[in-house]
Amino acid sequence: METEYKKIQFSESTLALVQRIIKRYPEGRHKSALLPILHLAQAEFGGWLSPQTMDYVASILNIKPIEVYEVASFYTMFNLEPVGKCVLEVCRTGPCWLRGADDIIQYLENKLGIKEGETTADGMFTLKVVECLASCGTAPMMQVGNNYIENLSCENMDGVLDKLRQTHQ
Amino acid sequence: MGKKLLLDKIHIPGINTFEVYRKQGGYAAVEKALKSMTPDEVMEEVKKAGLRGRGGAGFPTGMKWSFLDRKSEKPRYLVCNADESEPGTFKDRYLMEHTPHTLIEGMIVSSFALGANTSYIYMRGEFRWIFPILEKAIDEAYAAGFLGKNILGTGYNLDIYVQPGGGAYICGEETALIESLEGKRGNPRLKPPFPAIHGLYGCPTVVNNVESIATVPVILNMGGEEYAKIGIGRSTGTKLISACGHINKPGVYEIELGLPVEEFLYSDEYCGGVWKGRKLKALVAGGSSVPILPANLITKTAAGEPRLMSYESLSDGGFATGTMLGSGGFIVMDETTCIVRNLWTFTRFYHHESCGQCSPCREGTGWMEKVLHRIEHGHGRMHDIDLLVDVAKKIEGNTICPLGDAAAWPVASAIRHFREDFEYHIKYPEKVKDPKHFEKEPLISQKTAEVV
């Protein structure tokens with residue numbers, strides 16, 4: 001049975017970028033473009049990879065959908081469920097824990113009224129805890145989109161959240 | 001001030017641009033190599049320099065290059081490992097952010113030495129803001145004729161591309177990295193064949209760490225023999241150390257190998273000592289995978305010699321009383337640290353990052369995480385301690401890649417040196433129910449007490 005989808009497509013500029021990316025690899029090795037294209041797809045189609053998005057990526061690269069699913073499910077940066085407008089990815093590994101990451105996670109859970117892995121009812125914030133992001137000298141920290149927000153403390157967290165709320169409207 | 005070779009110009013404004021980098025003598029090594037040396041001569045200098053892989057394993061870079069299959073008619077590849085993910089390590093990120101041309105210059109001379117015409121920088125996907133930094137540096141190098149076709153009129157061609165990872169620690173293992181670069185899951189390959197024979201797309205490939213590659217121009221500029229005079233013994237040159245945890249001055253420091261650990265830890269030029277005036281409890285000297293050291297074995301070896309920041313001195317005493325330089329992730333823990341809880345976060349990390357191919361690692365890391373969770377939360381049994389040792393022993397050496405060993409060593413060493421921390425959790429389950437148990441009431445061991 002074929003699933004009926006509303007057709008999705010990358011913007012023209014992204015499609016041009018996809019073509020440039022594919023040329024980075026030798027002839028016949030276009031599958032190497034899968035991770036870069038999945039990142040583009042996640043950014044362009046709502047912050048997560050739906051089955052439809054993954055099928056679309058498979059069609060672009062002319063590979064089987066399963067080849068996309070198995071890769072997307074291996075790498076933690078790819079969200080396979082819908083997420084909020086602003087995803088807070090707080091590091092919890094040793095060096096961040098030593099500098100108070102547990103307090104940060106606890107504070108965010110209380111403040112936002114959600115547990116790790118959940119999204120606020122207004123669809124604004126998703127709270128994720130992640131493993132080491134190579135920011136141990138500026139711990140505790142979290143990744144939000146393209147940026148790292150470092151040297152967090154419970155005291156400065158409200159200001160950080162307010163700012164994020166404004167920039168992710 | 002210690003000798004700086006990689007970060008010596010980092011404070012010059014605009015050093016991230018081609019113009020300033022070039023004015024400061026950048027890309028001289030490319031000119032020297034391409035115009036006046038053969039690829040083999042470049043490799044010889046790296047061998048003479050005694051450069052050892054800066055990613056963690058410490059394998060001699062020149063020797064790794066010499067394994068490349070030069071008889072094969074297939075294309076050869078250089079892949080830069082910028083998948084920096086070892087907990088405690090953030091040095092490559094610092095170098096790429098602040099002086100990206102150092103890496104690009106290194107990529108060009110290293111690719112030339114290996115006879116590669118296409119090279120990739122595989123960077124962890126989370127470093128999203130560094131992609132434009134590297135891509136801008138690459139574009140500038142193309143514009144100046146240092147990349148592309150017929151570089152500097154020498155007939156040598158090279159293209160460099162930056163590839164994002166997807167958030168998997170295992171892709172720092174070179175064969176997993178290659179798989180990932182081919183658009184697959186990051187499952188490490190069985191070796192042999194090694195990448196030098198059968199790497200990316202089945203072609204001869206060398207995978208080197210960012211810092212190793214960035215050091216090659218330094219070696220060419222000063223000559224391998226001169227480089228080998230810096231450092232101590234077989235630990236030649238300088239090393240980037242990323243210092244974090246309970247210290248006054250976390251950050252990335254370039255040190256000459258052989259610097260006493262005591263000076264690195266306590267001098268204001270580097271870590272500036274343990275924070276809040278507290279006592280030292282433990283050190284993980286080279287990223288989360290290396291054995292943890294108790295306070296009495298940090299600044300001195302078991303034989304009472306000063307411990308130095310070098311491959312040999314840090315591993316003095318083997319795993320019984322020593323550790324490893326590893327990636328240079330220097331994690332300091334003060335007297336309030338719960339070793340069990342820290343270890344639990346590390347083990348949870350390895351369980352999360354295990355690719356799942358080998359059952360000892362896939363299952364063993366999960367078992368260790370569960371047992372540590374119950375000890376830490378006051379539900380442990382005395383025989384759990386030996387159970388952990390047993391599981392760690394059964395993972396070690398029984399997996400395709402070193403992630404299994406990396407998960408086992410921290411467990412084995414934490415129990416070896418801090419058994420009393422584990423026993424305390426089991427004897428006083430009520431006291432450890434508060435997650436900050438040792439912050440309020442530090443468990444000062446004999447080992448800590450001896451050195452302060």
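A quick note: this is a predicted structure, and the numbers were derived from the prediction, not measured. Protein chains get the first letters and strands the later ones, always in sequence-line order, with residue 1 at the start of each.
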Side chain, backbone, both or neither: which part of [X] has a non-hydrogen atom closer than 4.5 Å to chain A?
X: B:Lys249; result: neither
X: B:Trp344; result: neither
X: B:Arg93; result: side chain
X: B:Val252; result: neither
X: B:Leu200; result: neither
X: B:Gln163; result: side chain
X: B:Ser288; result: neither

Interface residue of largest heavy-atom contact number with chain A, from [options], under 4.5 Å:
options: B:Glu86, B:Glu182, B:Lys436, B:Met333; answer: B:Glu182
options: B:Ser242, B:Pro75, B:Ser180, B:Ala168; answer: B:Ser180
options: B:Glu84, B:Arg124, B:Lys184; answer: B:Arg124
options: B:Phe346, B:Tyr161, B:Tyr169; answer: B:Tyr161
options: B:Lys91, B:His246, B:Arg128; answer: B:Arg128
options: B:Gly165, B:Ser85, B:Cys338, B:Gly329; answer: B:Gly165

request  = Look at the aromatic rings of B:Tyr77 and B:Tyr120 and report parallel, tilted or perpendicular, splitting at 30° and 60°.
outcome  =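 Taking B:Tyr120 first and then B:Tyr77, their aromatic rings sit tilted (interplane angle of 30° to 60°).
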query = Between B:Trp129 and B:Phe127, how do the two ring planes meet: parallel, tilted or perpendicular, split at 30° and 60°?
reply =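 Rings of B:Trp129 and B:Phe127: perpendicular, over 60°.
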Any pair counted as ring pair (Phe, Tyr, Trp, His ring centres under 6.0 Å), so long as it reaches residues 122-147 of chain A, sequence neighbours left out =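 Counting only pairs at least two positions apart or across chains, no ring pair (Phe, Tyr, Trp, His ring centres under 6.0 Å) contact touches residues 122-147 of chain A.
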task = Please find out if less than 6.0 Å separates the ring center of B:Tyr201 from that of A:Tyr25.
result =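 Centroid separation for B:Tyr201 and A:Tyr25: 6.0 Å or greater.
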request  = Please find out if less than 6.0 Å separates the ring center of B:Phe264 from that of B:Phe330.
outcome  =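 Under 6.0 Å, so yes.
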Heavy-atom pair of closest approach, residues [X] and [Y]:
X: A:Cys132; Y: B:Gly88; answer: SG-N, 4.2 Å
X: B:Gly166; Y: A:Leu35; answer: N-CD2, 3.6 Å
X: B:Pro442; Y: B:Thr336; answer: CG-CG2, 4.3 Å
X: B:Ala282; Y: B:Ile339; answer: CB-CD1, 3.9 Å
X: B:Pro250; Y: A:Gly137; answer: CB-O, 3.3 Å
X: B:Val274; Y: B:Asn248; answer: O-ND2, 3.5 Å

key: Sidechain N-carboxylate O distance under 4.0 Å for A:Arg165, A:Asp122   =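 So A:Arg165 does not pair with A:Asp122 through a salt bridge.
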request  = Evaluate salt bridge (charged side-chain N to carboxylate O under 4.0 Å, His left out) for B:Asp334 paired with B:Lys276, printing each intermediate quantity in order.
outcome  = CA-CA 9 Å; B:Asp334 73 20; B:Lys276 300 182 182 177; over 6 Å; no
task = Could you tell me whether a side-chain N or O of B:Asn187 sits under 3.5 Å from a main-chain N or O of B:Glu179, the two making a donor and an acceptor?
result =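 Looks like no, no N/O pair under 3.5 Å.
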A:Glu116/A:Lys128 under salt bridge (charged side-chain N to carboxylate O under 4.0 Å, His left out): CA gap, chis, key distance, verdict = CA-CA 5 Å; A:Glu116 59 164 277; A:Lys128 284 172 76 177; over 6 Å; no
task = Starting from the C-alpha separation in whole Å, work towards a yes-or-no answer on side chain to side chain contact (heavy atoms under 4.5 Å, CB included) for B:Met107 and B:Leu147.
result = CA-CA 10 Å; B:Met107 288 292 289; B:Leu147 278 174; over 6 Å; no
task = Test salt bridge (charged side-chain N to carboxylate O under 4.0 Å, His left out) on B:Asp421 and B:Lys281 and set out the steps.
result = CA-CA 12 Å; B:Asp421 274 48; B:Lys281 180 164 183 175; 2.9 Å; yes
query = Counting only heavy atoms not in A:Gln169, do more than 12 fall under 6.0 Å of its CD?
reply =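 Counting other residues, nucleotides and ligands, CD of A:Gln169 exceeds 12 neighbours.
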query = Under a 4.5 Å heavy-atom cutoff, which of A:Thr138, A:Leu34, A:Leu98 has the most pairs with chain B?
reply =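 Ranked by contacts with chain B, first place is A:Leu98.
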message = Counting heavy-atom pairs closer than 4.5 Å to chain B, which one of A:Glu89, A:Arg92, A:His30, A:Gln143 comes out on top?
response =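 With the most close heavy-atom pairs to chain B, the winner is A:Arg92.
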key: Derivation of the side chain to side chain contact (heavy atoms under 4.5 Å, CB included) call for B:Arg341 and B:Val432   = CA-CA 10 Å; B:Arg341 197 171 185 88; B:Val432 297; over 6 Å; no
message = Does either side chain, that of A:Glu44 or that of A:Thr14, offer a donor lying less than 3.5 Å from an acceptor on the other one?
response =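 A pair is found: one side chain offers a donor N or O, the other an acceptor, under 3.5 Å apart.
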task = May I ask you to list the residues in residues 101-112 of chain A that approach chain B closer than 4.5 angstrom, counting heavy atoms only, ordered by number?
result =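 Heavy-atom contacts from residues 101-112 of chain A to chain B are A:Asp102, A:Asp103.
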inquiry  = Suppose a student defines contact as a heavy atom less than 4.5 Å from any heavy atom of chain B. Which residues in residues 61-77 of chain A would they list?
reply    =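 Only A:Glu70, A:Val71, A:Ser73, A:Phe74, A:Tyr75, A:Thr76, A:Met77 of residues 61-77 of chain A have a heavy atom under 4.5 Å from chain B.
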request  = Residue by residue, scan residues 347-356 of chain B and write down, ordered by number, those that have a heavy-atom distance under 4.5 Å to chain A; if none do, write 'none'.
outcome  =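 When heavy atoms of chain A are the reference, residues 347-356 of chain B contributes B:Arg348, B:Phe349, B:His352, B:Glu353, B:Cys355 within the under-4.5 Å range.
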